[in-house]
Amino acid sequence: MQFTAAQIGLLINGKVEGDPSAIVQSFGKIEEAKASQISFLANPKYEDFIYTTGASVVIVNESLQLKKPVTSTLIRVADAYSAFAVLMTKYQEMAASQLTGIQEPSYISQTAQLGNNVFIGAFAYAGENVKIGNNTKIYPGVYLGNNVVVGDNTTIYPGAKIYNGCVIGNQVIIHAGTVIGSDGFGFAPQADGTFQKVPQLGNVVIEDYVEIGANSTIDRATMGATLIRKGVKIDNLVQIAHNVEVGNNTVIAAQTGISGSSKVGKFVMMGGQTGVAGHLSIADGTKIGGKSGITKTIKEPNKSVNGNPAFDYTSSLRVQAATRNLPELEKRIKALEKTLAELVSEKLKS
């Protein structure tokens, strides 16, 4: 696919400076881009590359003041980074729209219902009473268990597994290897020291505009539903346990684990390797530093926490700074103790 600078300007609501007929066929980083590629400049520390880049077209901020002439055609927008993201998304959607039909071999139950312009890749499996919405893409090797519902314009990448009864909304992206709806970790201790499995009879409900990274796992509820609300973004290698609820537009970085029945609020930001204990609540707007351990409910909204166990972010940084000074502080205390001992000894002699 190829586009002109003028067409791209219309698509991202930008103003073209230079040759509106400049052709773009692919994307490139501003420091490496070549002719027929488009790039962007948002970070001022990369500004020098705008004068040397080989890109045919560069998206820049309206506020950029050029220090010398450039050879590329520029498209000025309010926010170059966001505009470039929009452009790449549109490109990806157009490329995906060419995928339609059902590849063989694959298994689709006779009771499954498929929308318009659906793509199902080879070796995919769709069980009894599965429903797949319009323009949805199911890549090779995906498993959809009985009674799974998948909405419109959703993409499920290779090897993802969605167990029976789970519900996936519209405009959802699920990356390769992710497992949704596996059993929650529920076992009842017995008198003889063994553990009796507790059946996990609920499901997982993923609302619209959610993205889930590769090899993440979201467990089905014991009863009811594990809920991932609208707009949530989940990184790779994240574990969400049974009956957890994650609020709207929360973002969760890689290797985070959320234990069973915890409730995460809206607009929460979780750094990588965060651990959340079970049956806790995290208030809306909470920001959690990487490798933090959440052991108590956070009631105050929009609070930043850090550490293990996590507490106020600013205080945690002070503690870290003080910890680094402990060896020197120990030396000073020992020197002070020695001085005091000498003073006491002299006093006793006198």
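Quick note: numbers below take in every heavy atom, side chains included, and nothing from hydrogens, waters or symmetry partners. Residues take their numbers from the sequence shown, with the count starting at 1.
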dist T53:OG1 -> L41:CG (nearest 0.5 Å) comes out at 10.0 Å

| query | Are L11 and Y81 grouped together when hydrophobic residues (ILVMFWY) are joined by side-chain heavy atoms under 4.5 angstrom apart? | reply | yes

Heavy-atom closest pair (S56 atom, A22 atom, distance to 0.1 Å) is O-CB, 4.4 Å

Next on the checklist: As a quick check of understanding, evaluate side-chain contact (heavy atoms from CB on, under 4.5 Å) for I212 and I180, giving each step before the final call.
Outcome noted: CA-CA 10 Å; I212 302 170; I180 295 172; 4.0 Å; yes

Distance col, row I206:CD1 vs I173:CD1, nearest 0.5 angstrom, shows 12.5 Å

Hey, does the side chain of D152 reach the backbone of N170 with a donor-acceptor pair shorter than 3.5 angstrom? no

Checklist entry - Is there a side-chain contact between I252 and I258 (heavy atoms, below 4.5 Å)? => result yes

Looking only at heavy atoms, the pair that brings A80 and A42 closest together is CB-CB, 4.4 Å

Spell out, yes or no, whether I38 and V60 are grouped together once hydrophobic residues are joined by side-chain heavy atoms under 4.5 Å, including indirect joins. no

Next item on the list: Keeping the roles fixed (side chain from T73, backbone from G18), state whether a donor-acceptor pair exists under 3.5 Å.
Entry: no

Check: Do T226 and N243 have side-chain atoms, one donor and one acceptor, less than 3.5 Å apart?
Finding: no

In this structure, NZ of K303 is separated from NZ of K287 (nearest 0.5 Å) by 13.5 Å

Shortest non-hydrogen pair, K266 vs T250, comes out as C-OG1, 3.8 Å

Output for pair (T178 OG1, I218 CD1), nearest 0.5 Å, gives 7.5 Å

Exercise for review: Look only at the side chain of Q190 and the backbone of A188, and say whether a donor-acceptor pair between them is shorter than 3.5 Å.
Suggested key: yes

Practice task
State whether K334 and E330 are salt-bridged, where the test is any N-O pair (Lys NZ or Arg NE/NH1/NH2 against Asp/Glu carboxylate O) under 4.0 Å.
Solution key: yes

*Less than 4.5 Å apart, any side-chain heavy atom of R229 and any of N248?*
yes

- Message: Is it the case that the ring center of F84 lies less than 6.0 angstrom away from the ring center of F40?
- Response: yes

Mind checking whether V58 and V70 have side chains closer than 4.5 Å, heavy atoms only?
no

Heavy atoms of G141 and K161 approach each other most closely as O-NZ, 3.5 Å

Are M223 and F185 connected in a single hydrophobic cluster, I mean Ile/Leu/Val/Met/Phe/Trp/Tyr linked by side-chain heavy atoms less than 4.5 Å apart? no

More than 12 heavy atoms of other residues, nucleotides or ligands under 6.0 Å from NZ of K263: yes or no? yes

Test ring-ring contact (aromatic ring centres under 6.0 Å, His included), reference Y143, set Y107, F123, Y125, output is Y125

Can you find a pair of side-chain heavy atoms, one from I234 and one from V246, that are under 4.5 Å apart?
no

| message | Please check this pair: side chain of E32 against backbone of I30, looking for a donor-acceptor N/O pair closer than 3.5 Å. | response | no

Practice problem: Would you check if the side chain of S262 reaches a backbone N or O of A277 as a donor-acceptor pair within less than 3.5 Å? | Solution: yes

- Query: Counting only heavy atoms not in Q92, do more than 12 fall under 6.0 Å of its CD?
  - Reply: no

For V276, does its backbone N or O pair with a side-chain atom of S259 as donor and acceptor, under 3.5 Å? yes

Practice item. Check the angle between the aromatic planes of Y91 and F27 and answer parallel, tilted or perpendicular using the 30° and 60° thresholds. Key: perpendicular

Does a side chain donor of either S63 or N61 reach within less than 3.5 Å of an acceptor in the other side chain? no

One should read off an interatomic distance between Y163 OH and D219 CG, to the nearest 0.5 angstrom, of 9.5 Å

When every non-hydrogen atom of M270 is compared with those of I282, the smallest separation belongs to CE-CD1, 3.6 Å

Sub-4.5 Å side-chain heavy-atom contact between I132 and L144:
yes

Residue pair D183 / R220, side-chain heavy-atom distance below 4.5 Å: yes

Does the pair T217 and I240 meet the rule for a side-chain contact (heavy atoms from CB on, under 4.5 Å), with working shown? CA-CA 6 Å; T217 53; I240 296 178; over 6 Å; no

- Are I333 and L340 joined in one hydrophobic group, where the rule is that I, L, V, M, F, W and Y side chains link up if heavy atoms are under 4.5 Å apart? no

- Message: Donor-acceptor pair, distance only, cut-off 3.5 Å: does the side chain of S36 make one with the backbone of Q25?
- Response: no

Margin query: Under a 3.5 Å distance rule, please check whether S261 uses its side chain to pair with a backbone N or O of V244 as donor and acceptor.
Written below: no

**Q.** CE/M94: more than 12 non-hydrogen atoms of other groups inside 6.0 Å
**A.** yes

OG1 of T136 to CG of N116, rounded to nearest 0.5 Å, is 11.0 Å

**Asked** Within a radius of less than 6.0 Å around NZ of K230, do more than 12 heavy atoms belonging to other residues, nucleotides or ligands occur?
**Response** no

Checklist entry - Do you see a donor-acceptor pair shorter than 3.5 Å between the side chains of N135 and N117? => result yes

| query | Just wondering, more than 12 heavy atoms not from N13 lying within 6.0 Å of its CG? | reply | no

May I ask you to decide if G127's main-chain N or O and N146's side chain share a donor-acceptor pair within less than 3.5 Å?
-> no

Task: K197, NZ: over 12 other non-hydrogen atoms inside 6.0 angstrom - done: yes

**Prompt:** Hey, quick one: are L74 and Y51 part of the same hydrophobic cluster, counting side-chain heavy atoms closer than 4.5 Å, chains of contacts allowed?
**Reply:** yes

When every non-hydrogen atom of S39 is compared with those of K29, the smallest separation belongs to OG-C, 3.4 Å

May I ask you to test the T256-D235 pair for a side-chain heavy-atom distance under 4.5 Å? no

Margin query: Using modelled atom types and a 3.5 Å cut-off, is there a donor and acceptor pairing between side-chain atoms of K233 and backbone atoms of Y209?
Written below: yes

Item to complete: Dump the intermediate steps for side-chain contact (heavy atoms from CB on, under 4.5 Å) on F267 and N302, then the final yes or no.
Response: CA-CA 9 Å; F267 301 101; N302 304 311; over 6 Å; no

Review point. So, E128 versus N164: side-chain donor-acceptor pair below 3.5 Å or not?
Key: no

